[in-house]
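One structure below.
Chain letters run A, B, ... following the sequence lines, proteins first and then strands; every chain starts at 1.
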2 protein chains.
Amino acid sequence: MKTEKGGAGGTRPSPGVRSTLNRPYICAVALALIDANGLGNFSMRKLGAGLGVDPMAVYRHFTDQEELFDGIAEALFDELDVGSLPWDGSWRAVAEQYCRRLRDTLLRHPHAVSVFATRPVRSPSSIDTGVRIIELLQAGGFTPTRALQIARCLREFTIGHALSLAVVRLGSQSRSRKPAPESPDYNILARAADDTEIDEHFDVGLTALLDGFELLIRPA
Amino acid sequence: MKTEKGGAGGTRPSPGVRSTLNRPYICAVALALIDANGLGNFSMRKLGAGLGVDPMAVYRHFTDQEELFDGIAEALFDELDVGSLPWDGSWRAVAEQYCRRLRDTLLRHPHAVSVFATRPVRSPSSIDTGVRIIELLQAGGFTPTRALQIARCLREFTIGHALSLAVVRLGSQSRSRKPAPESPDYNILARAADDTEIDEHFDVGLTALLDGFELLIRPA
DNA sequence: TATCGATACCTACACCGTAGACTCAAACTA
DNA sequence: TAGTTTGAGTCTACGGTGTAGGTATCGATA
């Protein structure tokens with residue numbers, strides 16, 4: 001086991017025998033492992049195995065596990081494909097689509113949501129997106145300060161929602177199930193919950209938030 | 001070191017020489033350790049040391065670390081003191097105070113926010129609070145389904161905000177600082193950020209959210 | 001006093017992140 | 001072409017982790 005194990009490189013020159021590892025590819029494999037086995041079952045050693053490489057090889061490309069996780073968060077952000085947002089439309093359309101895509105992307109990787117939620121993403125494309133959204137909000141009539149506040153609120157609501165949903169979905173596979181309707185524990189909360197899909201409230205919250213922001217520039 | 005080490009019990013009968021461990025006390029010590037040293041430096045062994053007890057003693061009271069963290073989350077929730085919320089006031093007043101207190105409590109324990117954010121809290125007092133808030137929302141004119149959705153949105157926004165803020169505050173102690181104003185990286189985002197305290201937007205978002213919800217029962 | 005249950009202790013195991021020294025082939029220099 | 005450098009990947013090893021399983025000790029009960 002020396003030089004075969006083909007497929008270590010994403011877009012590297014010599015495609016034949018063995019291209020070198022690179023950050024995006026390592027992140028993609030790490031994310032796939034987390035998706036498949038859960039964050040708790042992820043380790044640098046298993047990542048090495050998944051890459052067909054010595055565990056320490058990863059440390060040539062990332063100083064530590066923390067930095068690897070930063071890379072995974074950036075990969076998740078890139079999966080949004082912000083470039084295809086309706087940048088020509090209203091601030092509201094962009095904000096809505098941005099939040100929806102962020103939510104959908106995160107929920108596609110429920111085991112990795114907490115990785116994304118627990119660090120600030122500072123990749124160029126992420127910063128650039130932030131700038132564009134704020135410019136759009138300013139063009140829509142918000143002050144610079146207000147625009148920044150709104151952008152932060154939207155992001156935090158969306159991440160909070162995705163994290164909460166991922167936690168509930170993954171937890172209900174192994175944790176306590178809900179009580180039967182005859183039980184005294186079947187209270188008003190449970191009854192309402194039975195009538196409500198657990199993820200239906202995102203639209204409600206997002207709309208409320210956007211409506212509320214609109215009141216700031218167009219008072220009723 | 002056998003039977004002294006006084007102070008192992010919170011509100012236990014025999015206060016003299018050595019009372020037994022109990023869940024609330026263990027959680028309180030664990031939380032204090034996390035506050036002091038960070039989540040990454042916490043371990044069951046260090047908890048044992050902090051309690052003045054063998055590390056395995058904790059396993060008499062919690063089946064594993066996960067369950068201990070569940071207990072910590074419950075302890076954080078209890079710190080809210082939901083009993084003293086203005087339950088006689090409007091749904092809006094209660095919702096606002098609830099979110100504010102949740103936020104303040106979490107930010108008092110920045111290293112523990114992710115512990116709270118990554119599990120559903122199912123303690124009786126937490127469930128009871130959920131029920132009361134939903135009843136109040138229904139009394140305010142929302143349908144049961146809508147009430148549940150609103151409660152979830154408020155909770156998720158608040159947690160998302162607290163998590164994001166905690167991450168930024170803790171991260172900026174050791175991570176990259178912001179660029180100087182002359183730098184080409186000092187873009188519109190950084191400029192707006194300089195004029196905006198990082199935590200000033202919570203009120204903006206919360207107000208927008210509540211305004212938006214109000215539109216559902218009192219259309220403009 | 002004898003018994004028992006709960007509580008805390010101890011040992012040990014498998015696994016973790018990663019520091020530091022290594023091999024070895026490709027790339028550059030003379 | 002011969003010699004050298006560089007850098008990716010390997011190997012070993014260390015101190016730490018969660019926790020399973022067995023043991024000792026103490027208070028309450030019979």
d(B:Y98 OH, B:L85 CG) to nearest 0.5 Å is 9.0 Å
With rounding to the nearest 0.5 Å, note down the distance linking CG in A:L80 to OG1 in A:T105.
4.5 Å
Under 3.5 Å: donor-acceptor pair, side chain of B:W87, backbone of B:V82
yes
Any side-chain N or O of A:K46 under 4.0 Å from OP1/OP2 of C:dC15?
no
OP1 or OP2 of D:dT17 less than 4.0 angstrom from a side-chain nitrogen or oxygen of B:S43, does that happen here?
yes
Has A:S84 got a side-chain atom pairing as donor or acceptor with A:D81's backbone, closer than 3.5 angstrom?
yes
Distance check needed: D:dT19 P versus B:L47 CG, whole Å only.
12 Å
Taking every non-hydrogen atom, the tightest pair across B:L137 and B:A151:
CD1-N, 4.2 Å
Axis deviation across the helix from C:dT1-D:dA30 to C:dA30-D:dT1, five-pair ends, to the nearest 10°
10°
B:R45 or A:H61: which one's nearest nucleotide on DNA chain D is closer to the 5' end?
A:H61
B:D54 CG to D:dT17 P, straight-line distance once rounded to whole Å
14 Å
From C:dC9, D:dT10, D:dG18, pick the nucleotide closest to the side chain of B:M56?
C:dC9
Rounded to whole angstroms, how far apart are CE on A:M44 and C1' on D:dT17?
17 Å
Rounded to whole angstroms, how far apart are CZ on A:F42 and P on C:dG17?
7 Å
Rounded interatomic separation in angstrom, taking CZ from B:R23 and P from C:dA6:
17 Å
From the options C:dT18, D:dT10, D:dG18, select the nucleotide whose nearest atom is closest to the side chain of B:Q65.
D:dG18
Working to the nearest 0.5 Å, report the span between CG of A:L102 and OG1 of A:T158.
5.5 Å
Is the backbone N or O of A:R122 less than 3.5 Å from a side-chain atom of A:S126, with the two atoms forming a donor-acceptor pair by type?
no
Distances under 3.5 Å between protein N/O atoms and the N/O atoms of nucleotides 5-7 of chain D, please, pair by pair.
none

Using atom CG of B:L39 as one end and atom P of D:dG18 as the other, report the distance to the nearest whole Å.
11 Å
Length of the CZ-C1' vector between B:F62 and C:dA8, whole Å
16 Å
Parallel, tilted or perpendicular: ring planes of B:F202 versus B:F157, cut at 30 and 60 degrees:
parallel
Between the CG atom in A:D104 and the CZ atom in A:R101, the distance rounded to the nearest 0.5 Å is 9.5 Å
Separation of A:I26 atom CD1 from D:dA8 atom P, in whole Å?
10 Å
